[in-house]
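These notes concern the structure reproduced below.
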2 protein chains.
Amino acid sequence: MTEEQYRKKMQRRKEVQEQRLQERSHEKGLIIVHTGNGKGKTTAALGMVLRSLGHGYKVAIVQFIKGAWEPAEKAVFSLWPAQLEFHAMGEGFTWETQDRQRDIETAQVAWNKALTFVRNPDYKLVLLDEVNVALKLGYLTVEQVLSGLDEKPADSHLILTGRGAPPALIERADLVTEMTLVKHPFREQGVKAQPGIEY
Amino acid sequence: MTEEQYRKKMQRRKEVQEQRLQERSHEKGLIIVHTGNGKGKTTAALGMVLRSLGHGYKVAIVQFIKGAWEPAEKAVFSLWPAQLEFHAMGEGFTWETQDRQRDIETAQVAWNKALTFVRNPDYKLVLLDEVNVALKLGYLTVEQVLSGLDEKPADSHLILTGRGAPPALIERADLVTEMTLVKHPFREQGVKAQPGIEY
């Protein structure tokens with residue numbers, strides 16, 4: 001292809017791109033799901049939190065499984081005291097607590113806390129971290145979560161992370177990404193969780 | 001299952017988990033690839049950047065396709081002047097520039113800039129954003145990038161993002177996640193790119 005042919009081809013491609021952008025005309029508060037067995041579900045949600053904070057939006061994070069933030073995450077989150085609310089409401093995985101009834105009660109408390117942010121139009125983005133795991137373990141019901149989604153203001157975004165997102169949630173969501181594990185050094189090389197990468 | 005049976009089952013699961021953690025004994029600077037057609041490749045890398053900054057590490061970001069940072073990203077990145085270097089070295093997609101030779105030169109300049117961070121042991125994490133796209137378009141060669149990976153210090157992490165990561169790069173990487181598009185509101189609902197989510 002000559003340089004001139006190349007330029008013409010790209011000129012046409014540009015027109016197609018511009019046409020596409022025109023068709024994508026409206027804004028909408030999204031229900032976003034990050035699921036799958038690969039890494040990056042929470043991490044990608046944190047990237048959206050970061051962008052939203054950069055826009056000056058108020059953001060809330062509720063963590064459903066872990067009972068405390070990792071120190072590095074806490075240090076970073078604390079940089080936005082007026083914009084960011086973050087609550088670690090879990091008590092650990094079920095094999096850590098070993099008490100199913102208590103796990104259910106803990107998840108229900110977290111869910112009620114989450115709802116206060118989901119309903120509140122001041123929060124442009126709400127991240128329900130690992131909520132899909134609480135659903136998968138039966139600590140929360142799908143009906144209860146879907147009914148909570150109804151309370152989201154039209155222009156707020158909500159992210160639900162964790163493996164095993166139930167089909168009814170995927171059906172309901174606007175943007176769903178499955179993080180697919182291709183290679184992982186935990187499994188294949190016996191490498192442990194490392195600062196900056198996993199926490 | 002009685003509460004007691006449940007407790008015993010989770011007790012056994014806890015032992016398995018602890019055994020696994022013991023087997024994952026060492027640390028290693030990772031070559032990480034985020035690829036696939038889904039959303040979250042750059043966003044998940046930004047989450048790792050955030051965690052690393054929280055640990056006090058120095059981090060560098062080189063963006064290979066776009067020529068400028070989005071204002072919200074720039075505002076956030078600027079919070080860590082002593083820890084974070086960020087450079088947008090591209091000039092846009094090939095249908096924007098319409099000049100293949102210039103695109104190649106631009107990518108080569110970006111690659112040389114990236115190498116100065118990749119080699120430098122002061123940088124614990126280096127993010128080469130959209131570098132896979134530059135590879136896919138032939139602006140950089142796979143051999144050149146693989147040879148650059150050889151220069152990474154043993155305990156530094158390197159993230160390469162973008163769709164279409166070449167097989168030789170996946171083979172070489174330690175941690176590979178494919179972001180798989182399940183549902184996307186651009187395509188299905190004509191929703192446009194929104195602040196906090198896409199930029």
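Each chain gets a letter, A, B and so on, in the order its sequence line appears, and its residues count up from 1.
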Distance check, rounded to the nearest 0.5 Å: [X] atom [atom1] versus [Y] atom [atom2]?
X       : Y       : atom1 : atom2 : value
M10(B)  : T97(A)  : CE    : OG1   : 8.5 Å
K124(A) : Q194(B) : NZ    : CD    : 6.5 Å
E70(B)  : H55(A)  : CD    : NE2   : 7.0 Å
L125(A) : I197(B) : CG    : CD1   : 5.5 Å
M179(A) : M179(B) : CE    : CE    : 4.5 Å

Sort Y199(B) into side chain, backbone, both or neither according to what part of it lies under 4.5 angstrom from a heavy atom of chain A.
-> both
Heavy-atom contact with chain B under 4.5 Å, split by part of [X]:
X       : value
A72(A)  : both
F186(A) : both
Q189(A) : both
Q17(A)  : side chain
L21(A)  : neither
L50(A)  : both

Using the rule that two of Ile, Leu, Val, Met, Phe, Trp, Tyr join whenever any of their side-chain heavy atoms come within less than 4.5 Å, decide whether [X] and [Y] are in one cluster.
X       : Y       : answer
V133(A) : L127(A) : no
W69(B)  : V62(B)  : no
L84(A)  : L128(A) : no
V126(B) : F86(B)  : no
I32(B)  : V182(A) : no

For chain B, find which of [options] contributes the most heavy-atom pairs closer than 4.5 angstrom.
options                          : result
E27(A), K8(A), K41(A), E15(A)    : E27(A)
Q101(A), K28(A), H184(A)         : K28(A)
A45(A), G47(A), A193(A)          : G47(A)
E73(A), R100(A), R7(A)           : R100(A)
H157(A), H34(A), E23(A), E3(A)   : H157(A)
V59(A), L46(A), L181(A), T180(A) : T180(A)

Identify the two heavy atoms, one from [X] and one from [Y], that lie closest to each other, and give their separation to 0.1 Å.
X      : Y       : result
T43(A) : R51(B)  : OG1-NH1, 3.5 Å
Y6(A)  : D103(B) : OH-OD2, 4.1 Å
G54(B) : V76(A)  : CA-CG2, 3.4 Å
G40(B) : A44(A)  : O-CB, 4.0 Å

Could K14(A) and E96(B) be called an ion pair, given the rule that one side-chain N must be under 4.0 Å from one carboxylate O?
-> no
Which of residues 158-178 of chain B have a heavy atom under 4.5 Å from any heavy atom of chain A?
-> I170(B), E171(B), R172(B), A173(B), D174(B), L175(B), V176(B), T177(B), E178(B)
Would you indicate whether the side-chain heavy atoms of V191(B) and H26(A) approach each other to under 4.5 Å?
-> yes
Under a 4.5 Å heavy-atom cutoff, which of [options] has the most pairs with chain A?
options                        : answer
A75(B), P71(B), G196(B)        : G196(B)
R20(B), E188(B), E198(B)       : E198(B)
L53(B), V16(B), L30(B), N37(B) : L30(B)

